[in-house]
Amino acid sequence: MVIVKTKKEIEKMQAAADILVGVHKGLREIIRPGVTTLELDAFAEDYIKSHGAIPAQKGYQGFAYSICASINEEVCHGFPRKETLKEGDLLTVDMVVDLDGYMADSAWSYAVGQVSDEVKKLMEVTKECLYLGIDQCYPGKRLGDIGHAIQSHAEGQGFSVVRQFVGHGIGKNMHEDPQVLHYGQPGRGLRIQEGMVFTIEPMINAGGWEVVVDKKDGWTATTMDGSLSCQYEHTIAITKDGPLVLTEQDRD
């Protein structure tokens, strides 16, 4: 069941999103070779708590950290760790902030130091996929329009779209209806309506789209063929005039 949000509820989610954006802006300044993702996790948790909010991922179904930190071939849900980041790494940081019972969710990918042209292109195309999906977020459009826009662009650039993990509704709960696929056919799926709030979070692989989840930790998903993976994610509210990107980092 899709839970349509009121204007006041969206404003509360925007307040949570503002804190989340602050974390990502802070991470821009500290991600570099030699830093550990455990240090990034500590920074995020301190920032979120100091602003009166809760890192919603910590404790969720047993997840022990405030952020997911996925490196290179890791698609999502990577554990922060003590090993240091290396020059040329591709890092994705994903987190959910809960402020007074309302949540916001955003993942962002970061180049660690100087990266290869392959990484640069993958990052560029993945971000383009996110915003092409957002461009479809108007009342009366369908969820399939989002997936089709993303899939068409990614595959047209020689990349693939992960199927196993998708976008989702969000509000008082981290995961709500509807599911938002990042692939599909235009004109298909649930009709988008004012008051919906959901994430768009394409995970784009340099190789095949298949992924495997680590059997030891039960969380970390990696590309099956060992290729690089990249992700960008925003929380989107649907207004009568179109998409409002709650987690936008550079509104200007």
Side-chain angles (χ1 to χ4, degrees), residues 20-45 47 57 63-95 105-132 150 153-165 182 200-214 216-217 219-234 247 249-250:
L20 196 161
V21 166
V23 178
H24 276 301
K25 286 186 173 181
L27 289 173
R28 293 182 195 176
E29 305 302 320
I30 61 177
I31 290 173
R32 62 185 183 276
V35 171
T36 73
T37 47
L38 276 174
E39 292 175 303
L40 304 182
D41 182 71
F43 167 81
E45 182 167 347
Y47 187 101
Q57 287 177 167
F63 192 81
Y65 305 96
S66 297
I67 64 170
C68 297
S70 306
I71 304 170
N72 295 330
E73 75 278 3
E74 294 173 351
V75 177
C76 61
H77 303 156
F79 286 9
R81 65 206 77 171
K82 63 182 180 181
E83 292 79 12
T84 58
L85 293 168
K86 302 186 300 297
E87 185 87 12
D89 279 342
L90 170 57
L91 169 67
T92 299
V93 178
D94 187 8
M95 74 193 84
D105 186 359
S106 180
W108 214 249
S109 286
Y110 298 90
V112 181
Q114 296 298 314
V115 297
S116 67
D117 289 342
E118 179 188 16
V119 170
K120 290 177 182 177
K121 182 179 178 183
L122 180 60
M123 294 178 72
E124 179 182 8
V125 171
T126 305
K127 188 182 289 186
E128 289 168 352
C129 284
L130 170 64
Y131 283 98
L132 286 168
I150 291 169
H153 187 60
E155 293 180 354
Q157 295 294 318
F159 299 129
S160 65
V161 180
V162 170
R163 269 57 163 182
Q164 189 168 340
F165 302 100
H182 304 116
I200 299 177
E201 47 183 293
M203 301 168 204
I204 307 300
N205 295 345
W209 60 263
E210 298 87 352
V211 304
V212 60
V213 176
D214 188 282
K216 291 183 179 179
D217 67 35
W219 284 93
T220 307
T222 60
T223 57
M224 189 171 290
D225 60 9
S227 62
L228 293 167
S229 186
C230 185
Q231 181 192 17
Y232 291 96
E233 173 189 15
H234 275 316
T247 49
Q249 295 180 29
D250 297 296

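Computed from a predicted model, the values in this text were never measured in an experiment. Throughout, residue positions are numbered sequentially from 1 according to the sequence presented. These values consider heavy atoms only, across backbone and side chains, with no hydrogens, waters or symmetry-generated copies.
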Might you point out which heavy atoms bring Phe165 and Ala221 nearest each other, and give the distance in Å? CE1-CB, 3.7 Å
Does the side chain of Val213 reach to within under 4.5 Å of the side chain of Gln164, using non-hydrogen atoms? yes
Using 0.5 Å steps for rounding, measure from the NZ atom of Lys82 to the CG atom of Leu38. 9.0 Å
Verdict with reasoning, Cys68 to Trp219, per side chain to side chain contact (heavy atoms under 4.5 Å, CB included): CA-CA 10 Å; Cys68 297; Trp219 284 93; over 6 Å; no
Trp108 and His24 aromatic ring geometry - parallel, tilted or perpendicular at 30°/60° bounds: tilted
Walk me through whether Asp250 and Lys127 qualify under salt bridge (charged side-chain N to carboxylate O under 4.0 Å, His left out). CA-CA 14 Å; Asp250 297 296; Lys127 188 182 289 186; over 6 Å; no
Distance only, no hydrogens: is a donor on one side chain within 3.5 Å (strictly under) of an acceptor on the other, for His77 and Tyr65? no
Backbone of Gly78 reached by a side-chain donor or acceptor of Ser70 within 3.5 Å: yes
Go through the steps for Ile71 and Glu83 under the test side chain to side chain contact (heavy atoms under 4.5 Å, CB included), then give the verdict. CA-CA 11 Å; Ile71 304 170; Glu83 292 79 12; over 6 Å; no
Can you measure from CH2 (Trp209) to NE2 (His182) and round to the nearest 0.5 angstrom? 15.0 Å
Rounding to 0.5 Å, atoms CG (Leu20) and OG (Ser106) come to a distance of 5.5 Å
Any side-chain heavy-atom pair of Thr222 and Asp214 under 4.5 Å: no
Quick one: which of Ile204, Val211, Thr223 gives a side-chain contact (heavy atoms from CB on, under 4.5 Å) with Ser229? Thr223
Are the side chain of Asn72 and the backbone N or O of Asp89 linked by a donor-acceptor pair below 3.5 Å? no
Whether the Gln231 and Glu201 side chains hold a donor-acceptor pair (N or O, under 3.5 Å, no angle test) is what I'd like checked. yes
The reported gap from CD1 in Ile200 to CG in Leu132 (rounded to nearest 0.5 angstrom) is 10.5 Å
Given the rule in the ring pair (Phe, Tyr, Trp, His ring centres under 6.0 Å) test, do His153 and Phe159 qualify, once you have shown the distances and angles that lead to the verdict? CA-CA 9 Å; His153 187 60; Phe159 299 129; 9.2 Å; no
Taking the side chain as every heavy atom from C-beta outward, state whether Leu228 and Val119 have any atom pair closer than 4.5 Å. yes
From NZ (Lys120) to CG (Leu90), nearest 0.5 Å: 13.0 Å
Do any N or O atoms from the side chain of Asp41 and from the backbone of Pro80 form a donor-acceptor pair under 3.5 angstrom? no
Please determine whether side chain to side chain contact (heavy atoms under 4.5 Å, CB included) holds for the pair Gln157 and Lys121, giving the CA-CA distance in whole Å, both sets of side-chain angles, and the decisive distance to 0.1 Å. CA-CA 9 Å; Gln157 295 294 318; Lys121 182 179 178 183; 3.7 Å; yes
Here the pair of heavy atoms bringing Arg32 nearest to Leu85 is O-CB, 4.0 Å
Hey, what do you get for CD1 (Ile67) to CG (Leu40), rounding to the nearest 0.5 Å? 5.5 Å
Smallest heavy-atom separation, Arg163 atom then Val161 atom, equals NH1-O, 2.8 Å
Side-chain heavy-atom pair Ser109, Tyr232 within 4.5 angstrom cut-off: yes
Side chain to side chain contact (heavy atoms under 4.5 Å, CB included), that's the test. Do Leu130 and Thr126 meet it? Break it down for me. CA-CA 6 Å; Leu130 170 64; Thr126 305; over 6 Å; no
Aromatic contact, Tyr131 with His234 (centres under 6.0 Å): yes
For Gln249, is there any backbone N or O sitting under 3.5 Å from a side-chain donor or acceptor partner on Lys25? yes
Determine whether a donor-acceptor pair (N or O, by modelled atom type, separation under 3.5 Å) exists between the side chain of Arg28 and the backbone of Gly26. no
Backbone of Gly207 reached by a side-chain donor or acceptor of Ser227 within 3.5 Å: yes
Result of checking Thr92, Asp94, Thr247 against Glu233 for side-chain contact (heavy atoms from CB on, under 4.5 Å): Asp94
